[in-house]
Structure formats: C-alpha cells, structure tokens
Amino acid sequence: MSAVLDARGELRRAVQPVGHYFLRPVRLVRTYDRSNLRADFVAGLTTGVIMLPQAIAFALIAELPPEMGIYAAIVGSIIGALWGSSDQVHNGPTNANSLLVLSALLSASFVPGTLGFVVAAGLMAVMAGVFQLVLGLARLGVLVNFVSYSVIVGFSAGAGILIAIKQIEPLLGVEFVDSNMIGIAVGLVNNLDAIHTPTAAIGLASIVLLVVLPRLSSRLPAALITMVLASLIVALLGLREAGVSVIGELPQGLPPLAPLPIFNLDVIGRLSTGALAIGAIGLVQTIAMARSIAVQTGQRLDSNQEFVGQGLANIAAGFFSGFPTAGSFSRSAVNMQAGARSPVAAILSGVFVLLAALVLAPLAVFLPRAALAGVLVVIAYGLVDRTEIARIAAGTRGDALIMIITLVGTVFLPIEFAVLMGILLSFVHYTLRTSMPRVHQVLPDEDFHHFQHQPDKDNCPQLSIIDILGDLYFGAVNHVEEEILKHLTEHPEQRFLLMRMNHVNHCDYSGIHMLENVVRAYRDAGGDVFIVRVGPRVMKMMKSTSFLDYLGEGNLLDDDEAISHIFHRVLDPAICIYECPVRAFRECQNLPKRVDFVDIPPFKDIPLDTIVNVTPRELWERLHGERENGKRPLVIDVREPREFRQGHVPDAQLVPLSTILADTVKLPNDRQVVLVCRSGRRSQRAAYALHKMGCVNVGVLRGGMLAWESADLLEAVEEPRPEGGIPE
C-alpha cells in the first residue's frame, strides 16, 4: 500500500508543474493591478499601431497572403502574453521567422502562391509550437543558455542583408530571373532601364519618411504614417492604372480556423527540419530579448513558462490561419518604452490590430507594395547591429567564429540549415570549453595571500600546486587527468600534489574515478595527493563514493594551513636546504639554503645509472646473513639528527649530508657502504659526492626509509652514535 501511495505522490509532483504552466492566465487575472491599466492601454495602442504594418510586411517576406500576417499578429500577441513570462515581451510575426518560413517551405518543394504553400506555413507553426511546448513542460528552458548570443547577432545581420536584397524588386518595380543575392545584383545592373519610375519614387520616398519622421519625434508611428500617405497618393493619382503594384483588399472578420494536415506524415517529415529551426531560433531570440529587458526592469523570468507561452502562441497561430511567431526585438522595445507594466499591454495590442483590420481592410486596395518594401528595407538596416558585431569580433575567437559562420550561412545557404548550424556550433563551443577546463600550476603571490598562475616563476621541486578551473564531469575528466599526469611525467621530482578545487562545482562518478587514478599515480611515484577547497556538493559525492576513505581524511586540508602542514610534515627538508634555491612559500623565507655548499648538481641532474641501488630486503639479508664473517655493509644515514632519532636502520651511523659534502669524514673502501635517507634523494647526492672523492664502493638504499617502512622491516630509535665512531 505504501508503494502505491509513493507512486501517487511521485505522479502528483510530476504533474503539478504542468498545471502550473497552463494556469498562468488565471494567476495573471488574480494578481493584475488595475492601476496599471492606463499605462498598459497606451503601450498596447502604441505597439498595435506599429504591429499592423509590420504584420503585413512580414507576411510578404514569407511570400504569404498579407492577412496571414495580421492573423498571426492578433493570435500570437494575445496567446503569447497570456501564457508567457515576461511583462514586456511582444509576440507575433518577425522578420527572422518570415525568412525561415520562406526558406523552409522552398526547401520542402512547396510553391509560393499555392494553397499547399499557405497550409504548410500554418502546419509548420503548429509543429514548431509543439516542439517549444514540450521543452517548456519538460522544464528544459535551461537549454537556451547553451546557445551563444553570437548566433542571434549573426543570423539577424544575415537576415537583414537578405531582406534588403529581396525588397529590391518590389521597391523599384523590376523583376529578376534569379532570386539569390548574386543573381539579383547582376539583374539590377543589367536592368537599370527597366526600373518602374512611379514605383521607385514611392519606394524611395517611403524610405526617406521612415528615416526622417522618428528624428522629428520618436512617438510618431512612422511606418503607419508612411503607408497611409503612400495609399493616399496611389488613390488620388490613380497610380494603380499606371502599373504600381498594390496589396489588394484584405478579408474582414476574425481569424478563421485552417484545415491543417496534422496527420500527414509525409508533409510533417518534409517540414520537420524547418520547424525545428524555427522553434529553436524563436526560443533563443525571445529569451535573449526577455532577459535584456528584465535587466532593466528587475523582473524575474521563468524560461520554462516562456517556452510554454511561445509554444501555445505558435500552435494557436497555425490553427487560426497564421504562420510562426516569436518575440519581436523592435516591438518589445517599443512596448517597454511606451510604459507597459504587464502582459495586458501586449494583449490589448492584439485587440487593437483586430479592430483596425476590421475597419481598414478595404483600404488595403490602395496600399502599394513599394511602400511596404521601403518599410522592410529600413527594418533590415536595423537588423545589422554594427555595435554588437564589433564587440563580438573584438571578444573571444569562438564567439566571433560562430557569428561569422552564422551570418555567411544565412546569406548563402538555406536559412534553416544556417540557423541549426549556428546552434550546433554553440553547443560544440560550449562542450569544448567545458570539456577542456584550464589546469594551471599556481604559486603564492608576493604577499603569500593568493595563488596565481605564474609560468615565469620557479616552482617548488617537491610540491606541485594545481588549480582546476572547471567541473569534473565525464566530458572533462580525460583532459584534466591527462594534464595532471603529463605534469607529473615532466616533473617527476614533484612527487606531492596539492589540488585546489574551489572552481569545481560539479563532480560525477567519472570525476571520482579520475581523482582516484591521480592519487594512485602519485602514490606509485612515492608521493601523495592533498586536496583543499572542496565545495559541499563535491564533498558529498566524495563521501558517498568512498573516495574520501581512499584519499584519507588527513589529506583533505584547510586552505589556510595546507602549505604549512605539507612543508613541515611531508616535504623532505634536506631537499629544501641542499637542492632547492627557490623560496616559493612563506615557510621557505627563513630557511637556510646551502645549494652552493659544494659543486654537486641537483638530484634531477645526477646520472643515476652510475650508482648502485640496494632494495630494503637485500640490505636486511646482508645485515643479518653476513654477520659472522665480518663483511656486513656499513649503513650510513645522511639525514639530520632529529630525523634519525625518529627511526632508522638498526646499527646505522649518522653522517648528515652536510658533513659528507664538506669532505670532513673518511669512509672505508674495503667494505660496502650503503647510504640511507628519507626517500633516496639525499643518498643519491651523497653517493655522487663520495664517488667524486674516490669512494667507489658506495650504494644507496632504494626508496630510503619510506621503502624500509613499507617493507615492514625493524627500525631502531636509539640516539645517534658520534660521527667519529665510524670504523675505518
């Protein structure tokens, strides 16, 4: 019974967010502040005045009937506002979506001007909407974060170029054989004498008005005024009869339901790529714009709710004779500047467009296409954001490359392919960047307060401090492991590693496995690994996978005490004194350095193949097996007295390395001498010095006392015998 109740509870928790997203209009009505109604009314009217001519113009970009733009504007703005998240984002037809729709329909072999072309545009809106809705309900709004803003900038610039080029024909009243950019440019040069003068005059005059009117007053609806004046000129001068192309009378009435072939798998398959591109670019564009506005208003956004709003708006637009919609940069900015306080402003703008369409539809019989072309040319010019392009170009190479490829692809390739390619490049760029986090060796700064990457500064010969700047997930661990082990190979003398993990916010099991490999590699090399600054989530993972037991809690150090602990309890002090000229840490500053005491090279430069190595077991057997014949090896411990007192090979004699290097001790040549230190480094140096002094029967205990202890051999702890007691 409890299992059934648990299952019901899980189901309820899974379904609750879905209901939450669909009940957005209810929450909007309940929480609406009526004092905002006046501001929302003004903003809605202002945005509606701008949206009406844009809706017609954007439908023409997609080579769809003008009324489809109006229907998409009405339905998209109302549904998008009711179920969206932002208070100021305005939904409806956009230039980007219009270009994508045209490109996708042409790629799917639909012919402009036919019923199939119109129906396919509506079906593609539904398909894009379903894709967006599923992402929102699945709470995958975070995915939009992985698409670079460079994709939007590059696509917008490319779309602006394409829109402007495609408006040359209606703007000048000429026709070209080729519709691509190069064909239009060549056709224009070859057909200058075919330009229709009245059409060109209206088109160019419209551009002038659209540029001048906003400079006189930013509140003037420049596009609407231009279209009204152009229509009056055509009507008064009878320019229709002179060959000026007009829109024609628009149908009156509410948006009708469209008969869509929603079960035709063949058509759906042909439109799937385009629908995916439209849905993706619409979400990225809308969320980017919503966040930009939210920075200024302070509103907290819900990306998943915005996905749901965009999806429902597209589904409704498709079923009600429209085509795909998205958030509009220009209209959203106008909506905010006009004082919109809530989504009610966008809802009212859709209502105003509906009323205007019912009243003004018959007047479209005088609206010249050249005027609409002029509106689109000005809009296209604004799409090329030169400031953002320059900033991205001056930034990282990855972002600049994504922008350039998307821009060029938009101009020269099928647009839906260019958009998906730009999005794919964003994912690839993100994946490469996160899968190859920087792995830096760091050192304390001059004040010993912070650790910095200082490649030109000398490092400690025993301890490597590495900062991992990224998460340890399955895609990144191979790179991190290779970098750390490569460092160990290049610097074998640095047998101890201190890993700083304050930049590691996530670690999966692959990351734990990588950490185990690193610890194992350093311990096999006779060293160890210590870790500092582990976050709570990573610490929880380390404990649950038993990695902390493998590492040892004593190797998880406090950041402020880590260097001091390792310096005083782990590192070989003789190396610090006799081999290392570097003062990398605060603890090194007052340490006596005797690296120039005698002309002996550092450990890493000693030719080790000339020195005899004796294993701990071999030394033990020689010490006990040859006791009776008097040929037992003479064991000389070259460590410091305090180290000797803590434990040494039985019967060993203490002769510190400094004494040997000073050439103040005489060793016998008629018996083997075995030198012992902590890890073998000092012994190797002492053996090299003795060889130069003429003592050739000298070997070293391989691995030093660390290896002796690992072999579980007996140690003595008595006081050292005076150096003068060494037998000749």
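Side-chain atoms are counted along with the backbone in the values below, which use heavy atoms only and exclude waters and symmetry mates.
- Looking only at side-chain heavy atoms (C-beta outward), Val119 and Pro261 come within less than 4.5 Å of each other.
- Tyr381 contributes no side-chain N or O that, together with a main-chain N or O of Ala164, makes up a donor-acceptor pair within less than 3.5 Å.
- Taken from CZ in Arg27 to OH in Tyr21, the straight-line distance is 9.5 Å, to the nearest 0.5 Å.
- From Leu123, atom CG reaches atom CZ of Phe323 across 15.0 Å, with rounding to the nearest 0.5 Å.
- The two residues Leu210 and Thr226 make their nearest non-hydrogen contact at CD2-OG1, 3.7 Å.
- For the atom pair Met51 CE and Ile70 CD1, the distance stands at 10.0 Å (nearest 0.5 Å).
- Remark: Leu102 CG to Phe110 CZ distance equals 13.0 Å, nearest 0.5 Å.
- Side-chain contact check for Gln305 and Arg24: no donor-acceptor pair (N or O, by modelled atom type) lies under 3.5 Å.
- Judged as a side-chain hydrogen bond (donor to acceptor under 3.5 Å, both in side chains), not a single pair has a partner in residues 201-216 (not counting sequence neighbours).
- Counting all heavy atoms, side chain and backbone alike, Val75 lies closest to Ala316 at CG1-CB, 3.4 Å.
- Residues Leu407 and Ala157 come closest through the heavy atom pair CD1-CB, 3.5 Å.
- For the pair Thr325 (side chain) and Ala72 (backbone), a donor-acceptor distance under 3.5 Å is absent.
- Residues Phe58 and Asn95 form a side-chain contact, since some pair of their non-hydrogen atoms from C-beta on lies under 4.5 Å apart.
- Using a distance-only test at 3.5 Å, with no hydrogens or angles considered, no donor-acceptor pair links the side chain of Ser103 to the main chain of Leu99.
- Among all heavy-atom pairs drawn from Leu271 and Ala120, the shortest one is CD1-O, 3.7 Å.
- A heavy-atom distance below 4.5 Å is not found between the side chains of Phe352 and Leu52.
- Minimum interatomic distance between Phe131 and Ala280 (heavy atoms only, all atoms of both residues): CE2-N, 3.9 Å.
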Under the side chain to side chain contact (heavy atoms under 4.5 Å, CB included) criterion, do Ile315 and Leu133 qualify, and how do the steps go?
-> CA-CA 9 Å; Ile315 293 172; Leu133 180 61; 4.1 Å; yes
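- Side-chain contact check for Phe320 versus Leu257: some heavy-atom pair is nearer than 4.5 Å.
- The CG atom of Leu354 sits 7.0 Å away from the CD1 atom of Ile78 when rounded to the nearest 0.5 Å.
- Side-chain atoms of Glu67 never come within 3.5 Å of backbone atoms of Ala357 as a donor-acceptor pair (strictly under, hydrogens ignored).
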Side chain to side chain contact (heavy atoms under 4.5 Å, CB included) evaluation trace for Leu239 with Ile202 = CA-CA 10 Å; Leu239 294 181; Ile202 292 175; 3.7 Å; yes
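- Judged purely by atom type and a 3.5 angstrom limit, Arg369 has no side-chain atom pairing as donor or acceptor with the backbone of Ser245.
- With hydrogens and angles disregarded, a donor-acceptor distance shorter than 3.5 Å links the side chain of Ser332 to the backbone of His90.
- When all heavy atoms of Leu260 and Gly318 are compared, the closest pair comes out as CD1-O, 3.5 Å.
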Stepwise, does the side chain to side chain contact (heavy atoms under 4.5 Å, CB included) test hold for Val344 with Asn36?
-> CA-CA 9 Å; Val344 171; Asn36 294 331; over 6 Å; no
Between Asn314 and Ile79, does a side chain to side chain contact (heavy atoms under 4.5 Å, CB included) hold up when you go through it step by step?
-> CA-CA 9 Å; Asn314 269 313; Ile79 301 300; over 6 Å; no
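- With contacts defined as side-chain heavy-atom distances shorter than 4.5 Å, the pair Val208/Val211 does not qualify.
- Once rounded to the nearest 0.5 Å, the distance linking CG of Asn91 with OG of Ser328 reads 9.0 Å.
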